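Quick caveat, the model's predicted, so the values are computed rather than measured.
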Amino acid sequence: HTLHQMIHGQFADKVQQFVMLDTRYTYEFEGGSVKGAQHVQDPDEAEALMQDYIEDDVVVVVFCEFSQKRGPRMYRTLKDVCPADRRH
């Protein structure tokens, strides 16, 4: 629900830029994903990608099929890359 609102600009006054990371398996991603989401499964690849966003005020949305394993695992990996004052 919140992601849908963000995609449609309902938080434009607070969120200037965001990136969506789909951590599902390749076959799931190829079956369809949220428009504009980037497919990332490798933590090293995700860390490299994050280097492009660390200095900017970018909201990073990480998700998987049920947001129980892969998404939270990737979040934990990425939060270690992100400066402490930028984590939410």
Side-chain angles (χ1 to χ4, degrees):
H1 180 73
T2 303
L3 180 58
H4 180 268
Q5 291 174 314
M6 190 164 45
I7 290 170
H8 289 86
Q10 293 184 14
F11 300 113
D13 59 325
K14 296 176 182 67
V15 178
Q16 303 302 313
Q17 185 179 1
F18 64 95
V19 62
M20 298 173 290
L21 303 180
D22 185 336
T23 63
R24 297 176 304 150
Y25 297 121
T26 300
Y27 74 90
E28 293 172 317
F29 180 79
E30 290 174 350
S33 185
V34 177
K35 185 176 181 178
Q38 298 181 45
H39 185 230
V40 181
Q41 290 183 293
D42 183 309
D44 293 332
E45 180 184 348
E47 283 185 33
L49 179 67
M50 286 303 299
Q51 298 306 315
D52 295 336
Y53 301 111
I54 287 178
E55 297 303 321
D56 299 327
D57 193 13
V58 177
V59 172
V60 178
V61 179
V62 181
F63 65 94
C64 62
E65 184 176 11
F66 297 114
S67 293
Q68 293 179 352
K69 282 189 170 187
R70 293 166 283 173
R73 185 178 316 124
M74 187 67 74
Y75 165 77
R76 286 189 299 275
T77 298
L78 295 178
K79 83 172 188 165
D80 291 338
V81 176
C82 185
D85 64 334
R86 304 287 307 280
R87 298 178 197 164
H88 301 284

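- A distance of 6.5 Å separates OG1 of Thr77 from CD of Glu47, quoted to the nearest 0.5 Å.
- Applying the ring pair (Phe, Tyr, Trp, His ring centres under 6.0 Å) rule to His8 yields the partners His4; only residues at least two apart in sequence or on another chain are considered.
- Closest approach of Thr23 and Gly71 over heavy atoms only: OG1-N, 3.4 Å.
- Hydrophobic clustering (side-chain heavy atoms under 4.5 Å, transitive across Ile, Leu, Val, Met, Phe, Trp, Tyr) keeps Phe29 apart from Leu21.
- Looking at residues two or more places apart in sequence or on another chain, you find a side chain to side chain contact (heavy atoms under 4.5 Å, CB included) between Gln41 and Tyr25, Thr26, His39.
- Side-chain contacts under 4.5 Å among hydrophobic residues (ILVMFWY), followed directly or transitively, place Phe63 together with Leu3, Met6, Ile7, Phe11, Val15, Phe18, Met20, Val34, Val59, Val61.
- Among residues two or more places apart in sequence or in another chain, the side chain to side chain contact (heavy atoms under 4.5 Å, CB included) test is passed with Ala46 by Val40, Met74, Leu78.
- Taking Pro72 as the reference, Cys64, Arg76 meet the side chain to side chain contact (heavy atoms under 4.5 Å, CB included) condition, with sequence neighbours excluded.
- Identified under the salt bridge (Lys or Arg N to Asp or Glu O under 4.0 Å) test for residues 24-45, with sequence neighbours left out: Asp22-Arg24, Glu28-Arg70.
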